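One structure is given here, and the rest of the page talks about it.
This one's a predicted model, so the numbers in the text were calculated from it and none came from an experiment. When reading the values below, keep in mind they use all heavy atoms of this one structure, side chains included, and skip hydrogens, waters and symmetry mates. Atoms within each ligand, like the ligands themselves, are counted from 1 in listed order.
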Amino acid sequence: MSIKENLERVRQNIAHAAMKAGKRPEDITLVMATKTVDAERIREAIREGEHRIGENRVQEALKKYQVLKNEDAEWHFIGHLQTNKVKDVLKFASMIHSVDRLSLVEKLDQRLQYEGRSVNILIQVNTSHEESKYGVAPEEAVSLVKQTAKYDTLKIRGLMTIGLFTKDEEKIRKCFKILKGVHDTLIKEDIGGVQMKYLSMGMSGDYQIAIEEGGNMVRIGTAIFGARNTPDAYYWPSEKTGIDKG
Ligand SMILES: *Cc1c(COP(=O)(O)O)cnc(C)c1O
């Protein structure tokens with residue numbers, strides 16, 4: 001299947017899920033998850049009309065950004081962000097999906113103050129507990145948002161989560177419901193400067209479920225570009241594998 005055909009199918013599925021959720025297709029924002037995908041194939045997808053690129057690793061992203069920076073594209077950072085990569089991530093990313101701790105907030109703020117600007121962020125919530133060590137716990141998310149909101153360099157635009165990796169649909173759905181619950185609480189809290197505009201949830205295997213549960217930003221890789229050769233453990237350091245190569 002070509003990138004073009006894959007994109008057509010993904011867009012149809014998004015439209016269908018959006019309708020089920022009482023939304024319009026254009027209410028759902030597609031971010032292409034482009035880890036391991038080379039610059040020329042990303043360019044092909046841009047030619048097919050998609051403009052949001054989500055990368056997981058800062059150095060890999062910077063290399064592709066050098067090649068593609070004249071393309072009409074918006075770069076998102078969706079992977080785990082180490083504090084020592086803050087300066088580099090800000091060279092390309094206009095939205096960071098993975099802000100999950102105050103130490104990172106402080107580092108981002110320092111650098112952004114120095115550059116005299118701001119960046120859009122999402123707070124990453126760990127809705128599957130045992131499976132991942134990244135993301136703030138759901139019960140601590142409101143507190144982290146409140147603390148982060150004090151930094152005007154960081155524009156909080158919503159929340160992000162990675163659903164549980166399982167074939168059990170109900171367990172996946174539960175993750176998304178947790179994120180939607182935190183989102184609803186934050187809307188009620190109405191914290192100054194915080195916009196709960198995006199719920200970034202859903203990947204190739206579960207984006208329809210995520211949209212049904214209220215997600216409006218999906219991050220899709222495999223369903224557009226095909227299977228990756230590099231194991232995801234390389235991108236998602238987990239307690240189980242112990243892989244964390246920065
Ligand atoms: C790779 C990745 C995705 C997309 O995964 P696919 O299953 O290939 O669609 C989404 N979000 C994050 C954070 C990723 O690392």
For this session: Decide side-chain hydrogen bond (donor to acceptor under 3.5 Å, both in side chains) for Lys69 and Gln66; before the verdict, give the C-alpha distance in whole Å, the side-chain angles of both, and the deciding distance to 0.1 Å.
Result: CA-CA 6 Å; Lys69 64 182 168 201; Gln66 287 313 316; 3.0 Å; yes
For this session: Report the C-alpha separation of Glu50 and Arg11 in whole Å, then their side-chain angles, then the decisive distance to 0.1 Å, and conclude whether the salt bridge (charged side-chain N to carboxylate O under 4.0 Å, His left out) test is met.
Result: CA-CA 10 Å; Glu50 291 304 329; Arg11 288 187 192 117; 2.8 Å; yes
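Where the criterion is an N or O separation shorter than 3.5 Å, residue side chain and backbone included, Ile162 fails it with respect to ligand 1.
Shown in contact with Ser204 at under 4.0 Å from a heavy atom are these atoms of ligand 1, numbered in order with element: 6 (P), 7 (O), 8 (O), 9 (O). Interface of Ile220 with ligand 1, defined as ligand atoms under 4.0 Å from a residue heavy atom, comprises 9 (O). Shown in contact with Thr222 at under 4.0 Å from a heavy atom are these atoms of ligand 1, numbered in order with element: 6 (P), 7 (O), 8 (O), 9 (O).
A donor atom on one side chain and an acceptor atom on the other are found under 3.5 Å apart for Thr161 and Thr127. Glu106 and Ser103 share no donor-acceptor pair across their side chains, judged by distance under 3.5 Å alone.
Counting heavy atoms of neighbouring residues, nucleotides and ligands inside a 6.0 Å radius, atom NZ of Lys23 exceeds 12 of them.
Side-chain contact between Ile28 and Met217: absent, with no pair of heavy atoms (C-beta onward) separated by less than 4.5 Å.
Under 4.0 angstrom from ligand 1, the non-hydrogen atoms of Ala33 all belong to its side chain. At a heavy-atom distance under 4.0 Å, only side-chain atoms of Asn56, from C-beta outward, approach ligand 1.
Comparing Met201, Arg57, Lys35 by heavy-atom distance to atom 1 (C) of ligand 1, the nearest is Lys35.
At least one heavy atom of Arg228 sits closer than 4.0 Å to an atom of ligand 1.
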